[in-house]
There are 2 protein chains.
Amino acid sequence: MGVTIHDVARAAGVSVASASRALSGRRRVTPEIAERVARAVAELGYQPNAVAKALRDQTTGTIGMVVPGIGNPFFTTIVEAVERELQNSGTDLLLCASQYSPQVEARRLETLLARRVDGLIISPCDIEASVPAVLDAARRVPLVQVDRYIEGGGADWVGVDDEAGVTLAAEHVIAGGARSVSFAGSRPVSSSARLRLSGFERAAARAGVEVLPPLLGEFTLEWGVEAGRRLLDAGRLPDAVVCANDEIAVGLVRSLRLGGVRVPEDVAVVGFDDVGHATMCDPPLSTVRQPVEEMAAEAVRLLGQVKAGDPRPAQRIAIAPRLVVRQTSRPVTASVAE
Amino acid sequence: MGVTIHDVARAAGVSVASASRALSGRRRVTPEIAERVARAVAELGYQPNAVAKALRDQTTGTIGMVVPGIGNPFFTTIVEAVERELQNSGTDLLLCASQYSPQVEARRLETLLARRVDGLIISPCDIEASVPAVLDAARRVPLVQVDRYIEGGGADWVGVDDEAGVTLAAEHVIAGGARSVSFAGSRPVSSSARLRLSGFERAAARAGVEVLPPLLGEFTLEWGVEAGRRLLDAGRLPDAVVCANDEIAVGLVRSLRLGGVRVPEDVAVVGFDDVGHATMCDPPLSTVRQPVEEMAAEAVRLLGQVKAGDPRPAQRIAIAPRLVVRQTSRPVTASVAE
DNA sequence: ATCGATTGGGTAATCGATTACCCGGTTTTC
DNA sequence: GAAAACCGGGTAATCGATTACCCAATCGAT
């Protein structure tokens, strides 16, 4: 370890300035020098030190991304989309998981900022507890939120229109004949959890159907399984259940079927996200599709525009979701089928 | 942005040396100075620049991790385990995905090295094509491979004993009465893919049962579904299928059931990994458990020991897997049941 | 009282790459 | 033919934190 540009310059018999210029091409050098430098680089196996470059340039060519957990297929999908989006822009991604803990999240942000990332993409794990850390970060560096956001609107956000999504789902099952409906979701610690719940309740109330008490736990398959069991134990089944994500929906369907309930004949189930196993589970899941690629592209674009802590009012870019009807709900006329 | 230790020193009325000492505690300062520096830090909101520190110290407090893809639950599980393992050691993790492409992998390694990570944990995507990039990286920085490895043994490795794992699986289904068996796995571009296939074939041959041609595609649910279809189309079903991972197994079970085949009565299926949905799918999957936490701990420990490019012979640490019998295979006497 | 040891503070070198600035030589322009 | 513009090369400053080295003051021991 430790071939520096000085070594290259010496080996090529030129100054460091010339070596640097030959390498970066930001000023012309004679072909002769370019040649000698190229040879020296190859010979010595020189690899530029990005740390030194970052210090001098005051820019690292790196953006940080913090998501609640990489066990959740929705987040891995969006991470992959962001990576793809960044691919050809030369910047690369520093990925961290907050493990659904605002404390861990704050620490991760801290170290990303210390490493002087040029920007941050974050899905804050808690709508309230994440506020100080996120605002603080946004003051120092361009930051955009994705999917989840903090309350108060202090930072830019790109995501899906959660309320519209669950409304789509609720209206779909109601149009399919559901007279009583329920919601299986997450405890409302995140914006998505809250909006999907409230959007569902509003849509159901508007349609005038009976609303059974919601089942609130976590965004996991395990909780879906558990929610399904509780539904069975409660004795009375709703005609349809709208779920806050696909994992919950898949778990719920599993429990219901194990309990002898037919899906969608007895109970219709609709998920949210349309990532991971939604197409491949049994039966294929009706769900609300998040336009993940679009969100990632938008987030990256927005990140390029925002300057750290500028006074411009925070933007919220909500992308319209789309209902995908598969086989856990009865198809009705005007919806996209696959 | 831009409060430096010089600003702190000025505000506190001391030299940068004293400020640095007060902050790091690596030399004593008077309580008076410590106090003044602490106040200045709080007032100015000073945050040390990790880039500058890294340049001066020649160490970044960061290790890089490269896995083929974060869509695969096995890799996300091991990433999480490594993160946990690193948590209290103060070093943090730079995660990259090679997207199963040796070219992308080489680029990622390149940038991680340029950023001067203190070590690398990698699961090389291709047993042959990954060789030059991995060896090159190992020459510059401590490196340990996890799960997958490159041929030729030029770098340390921690993983599960793949052959022992599939042997466990094969012997289990044979003990359960299978007279004909098949294997559903990935094309042999990675060490795990190769070893699991060859281990299976050896175990089956040893037991003297009939071996149907293997189904080789990718480590995905989609491929599992496809493999199941091909099995159905082939007309002749084996008594048991051993799969190279859980995703394939789950997809295979789904296809078989859709085709009216009962699992495990008509065909027994065993997976590999025991991560993700293995416990929660229907029916719960019999599989070979990888000791992920142990592997992560071992990898981190080993990384602490190896020096870059030292001539010490490469170690291979294979951890014994464990068979977990659930409901896609017939239970036999002496195996762990859950 | 004096000398060596110890303590704590400050100055400036260091890490590696980039680039502002300077300088001598060549070309262009009127 | 002189002035202006241009070109390509080198020296040294710069980014921010750490620390080797130096120095003055204090302490303890004889």
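Proteins get letters first, then strands, A, B, ... in listed order; numbering begins at 1 in each.
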Query raised in the report: For residues A:Gln145 and A:Ser123, is any side-chain donor paired with an opposing acceptor at under 3.5 Å?
Result: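 Their side chains do not contain a donor-acceptor pair, so the 3.5 Å distance test is not met.
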
Is a side-chain N or O of [X] found less than 3.5 angstrom from the main chain of [Y], in a donor-acceptor match?
{"X": "B:Asp126", "Y": "B:Glu128", "answer": "yes"}
{"X": "A:Trp157", "Y": "A:Asp147", "answer": "yes"}
{"X": "A:Ser20", "Y": "A:Ala17", "answer": "no"}
{"X": "B:Arg36", "Y": "B:Ala12", "answer": "yes"}

Query raised in the report: For A:Phe219, which residues count as a ring pair (Phe, Tyr, Trp, His ring centres under 6.0 Å) partner, sequence neighbours excluded?
Result: none

Query raised in the report: Got a sec, which residues hit ring pair (Phe, Tyr, Trp, His ring centres under 6.0 Å) with A:Phe75, two or more places apart in sequence or on another chain?
Result: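 Once residues adjacent in sequence are excluded, A:Phe75 has no partner under the ring pair (Phe, Tyr, Trp, His ring centres under 6.0 Å) criterion.
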
Please identify each residue that fulfils side-chain contact (heavy atoms from CB on, under 4.5 Å) with [X], with sequence neighbours left out.
{"X": "A:Ala34", "value": "A:Val29"}
{"X": "A:Ile127", "value": "A:Glu151, A:Ser191, A:Arg194"}
{"X": "B:Glu110", "value": "A:Gln47"}
{"X": "A:Val41", "value": "A:Val8, A:Leu23, A:Val37, A:Tyr46"}

Requested in this report: Enumerate the residue pairs fulfilling side-chain hydrogen bond (donor to acceptor under 3.5 Å, both in side chains) with a member in residues 61-83 of chain B, sequence neighbours excluded, ordered by first and then second residue.
Outcome: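 Checked against side-chain hydrogen bond (donor to acceptor under 3.5 Å, both in side chains) - neighbours excluded - the pairs reaching residues 61-83 of chain B are A:Arg115-B:Thr62.
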
**Report entry** chain A contact limits on DNA chain D, taken 5' to 3' with a cut-off of 4.0 angstrom to heavy atoms
**Finding:** D:dG8 to D:dG16

List in numerical order all residues of [range] for which some heavy atom is under 4.0 Å away from an atom belonging to DNA chain D.
{"range": "residues 53-61 of chain A", "result": "A:Leu55, A:Arg56, A:Gln58"}
{"range": "residues 34-51 of chain A", "result": "none"}
{"range": "residues 9-31 of chain B", "result": "B:Ala17, B:Ser20, B:Arg21, B:Arg26, B:Arg27"}

**Report entry** Validation row: B:Cys125, B:Ser190 side chains within 4.5 angstrom (heavy atoms)
**Finding:** no

Report task. First locate atom CG of B:Leu94, then atom CG of A:Leu93, and finally report the distance between them rounded to the nearest 0.5 Å. Result ->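 CG of A:Leu93 is found 9.5 Å from CG of B:Leu94.
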
Report task. Five pairs at each end of the helix from C:dA1-D:dT30 to C:dC30-D:dG1: take the axis at both ends and give me the angle between them to 10°. Result ->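 Helix axis angle between the two ends: 40°.
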
Query raised in the report: Can a salt bridge be assigned to the pair A:Arg301 and A:Glu85 using a cut-off of 4.0 Å between side-chain N and carboxylate O?
Result: no

